Amino acid sequence: MGIQIYNTLTRKKEPFVPLHSGTVSMYVCGPTVYNYIHIGNARPAIFFDVVRRYFEYRGYEVTFIQNFTDVDDKLIRKAEELGVTVLEVADRFIRAFEEDTQALGVKEAHVHPRVSNHIEEIIDFIQKLINKGYAYESSGDVYFRTEKFPEYGKLSHQNIEELQAGVRIAVNEQKDNPLDFALWKSAKPGEIYWESPWGKGRPGWHIECSAMSMKYLGESFDIHGGGHDLMFPHHENEIAQSEALTGHPMAKYWMHNGYINIDNEKMSKSLGNFVLVKDIREKIAPQVLRFFMLSAHYRHPINFSEDLIEQAKNGLERIQTAISNLRHRQVAATSEVNEENEKQEIYRKKFIEAMDNDFNTADALAIVFEWVRESNQYLLGEKVSNQGVQVYLDLFEEMGSVLGLQLEPAEEELLDQEIEALIQERTEARKQRNFQRADEIRDLLMEKGIILEDTPQGIRWRRK
RNA sequence: GGGAGUAUAGCCAAGUGGUAAGGCACAGGUCUGCAAAACCUUUAUUCCCCGGUUCAAAUCCGGGUACUCCCUCCA
């Protein structure tokens, strides 16, 4: 079957056929860097990272571009607030973005183009649109003439008449038509600006993605991704700009991820319920957040609450425990019999089948859990070999790396001597069937956050 | 007004024509000195409601109901 992708443009799942055999070019709308990212920003970051990893896993050479919007109204306001320049604000929050996404296990994009570094390309793009009659200058601003582009609305499946009827914004006198959107905005006094044929100003929001994707990926590329809310008007406008200029489809597949609600409510400034990644990282392991995000289909909305995070945490722990069970047995395993390869192949196929189906990470995780059961059952059997254990570990590693999940428990740091001594003492006590003392020690260590387990292969411990 | 989406067990969540995955929680059992971990078993005659198509529907069609999002900056 191969990889199937749900394409917003056609509203159907389609087989993925790359523009250029063996390669995938993708562009994902990145954040406006005026603040720390919240968990709503984390969803596309994590999800499209999985898309990228999966393509790589399937042998494609991927070029992954994600922009930073570093010039816009929100940045200008923030800069005033902080008494620094717009670009200093951007630098600061780009660093924060990198820290947060790195913690979430997101691989770095190949290029993170910034608007402020691409003004020349943007001006050039706009000039060409004007030359072709798709844009017009109006007292220092430049607008895109939407009625010149008959396909306007094809992505969000709305037609121009209905859009016009629904326009809620105050009519801007500069525009010929309320649906026209800004390509270039003239600078107000004191604002950051660049020189242009239309005077001092800065790019409108949508043009950056058209200009920068074209620069790095060409006039047509494979996949354009972003949040569901960007579908209209942002992506619609990108299509209008790019396709008006080039006459070719901008992207072949458009992918949109669903929203995150907090306790069943939309995240919004007025409700004050924004959850920042940097804050949540202090309370829950980033891996748990990542696991949580991947436990539902990317196009469905998900709800965020403490209770659901707790569920995710416990689920992830089941997988990690299975792996440490394998590690624990690895040294002791003796039998040389290994009949697990066939089983591994079956589960690998199931995993690929799940991911092929429009990146169904929820299904893929279900396969990981089935592998957990297989693994635990294996360890229960008579014939456990190091080779067999390795077969289980290998597929865990393989699936984990596609999902970007660190399934292997973190390297256990050494216990301090006092605790080491207590464990020793307890082992002795158990030998002498002094269970009272043994239980005492176990309780004591439990208070220190260390869980002791007695296994046929000897005692083992883990942190709570 | 226009567009899009969601409704599946206590909770989360796949499945989109062939007779309900997986996880969390809960209960019983096995193992254990007791635990933990693990394994086994049980847990939705049924997928928001009402009609229809079909040998067969959670899945398709029609009509409702509820909730969410977009059309204004937004992931």
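Being a predicted model, the structure only gives us computed values, none of them experimental. Proteins come first, then strands; the chains are lettered A, B, ... in the order of their sequence lines, and each starts at number 1.
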Revision key, fill the gap. Of Glu453(A) and Asp307(A), the one whose closest nucleotide on RNA chain B sits nearer the 5' end is Asp307(A)

Exercise for review: Please determine if Arg299(A) forms a cation-pi arrangement with Tyr6(A), meaning its NZ or CZ atom is less than 6.0 Å from the six-membered ring centre and no more than 45° off the ring axis.
Suggested key: yes

Study note, to complete from the structure: Arg437(A) CZ to rG33(B) C1', in whole Å, measures 17 Å

Revision key, fill the gap. From the list Leu422(A), Leu452(A), Ile459(A), side-chain contact (heavy atoms from CB on, under 4.5 Å) with Arg442(A) holds only for Leu452(A)

Review point. Any side-chain N or O of Gln377(A) less than 4.0 Å from the OP1 or OP2 oxygen of rC40(B)?
Key: yes

Point to revise | Protein proximity profile, nucleotides 13-23 of chain B - base contact B, sugar-phosphate-only contact S, no contact -, cut-off 4.0 Å on heavy atoms | key: SSS-----BSB

**Study point:** Quiz item: Asp454(A) side-chain donor-acceptor pair to rC34(B) base, under 3.5 Å
**Key:** yes

Check your understanding: Is there a donor on the side chain of Arg11(A) or the base of rA4(B) sitting less than 3.5 Å from an acceptor on the other?
Key -> no

Revision key, fill the gap. Asp229(A) CG to rC74(B) C1', in whole Å, measures 6 Å

Review point. With sugar-phosphate meaning primed atoms plus P, OP1 and OP2, does Arg426(A) contact a base, only sugar-phosphate, or nothing at under 4.0 Å between heavy atoms?
Key: base

Review point. Around Gln102(A), counting heavy atoms of other residues, nucleotides and ligands shown, do more than 12 lie under 6.0 Å from its CD?
Key: no

Review point. Under 4.0 angstrom, heavy atoms only, what part of the nucleic acid is Asp439(A) near: base, sugar-phosphate, or nothing?
Key: base

Practice item. Using a 4.0 Å heavy-atom cut-off across all strands, classify Gly30(A) as base, sugar-phosphate, or nothing. Key: nothing

Review point. Listed in order of residue number, which residues of residues 39-47 of chain A have a non-hydrogen atom at under 4.0 Å from RNA chain B?
Key: Gly40(A), Asn41(A)

Check your understanding: Between rA37(B) atom P and Leu379(A) atom CG, what is the distance in whole Å?
Key -> 16 Å

**Study point:** Base rG5(B) to side chain Arg299(A), donor-acceptor N/O within 3.5 Å cut-off
**Key:** no

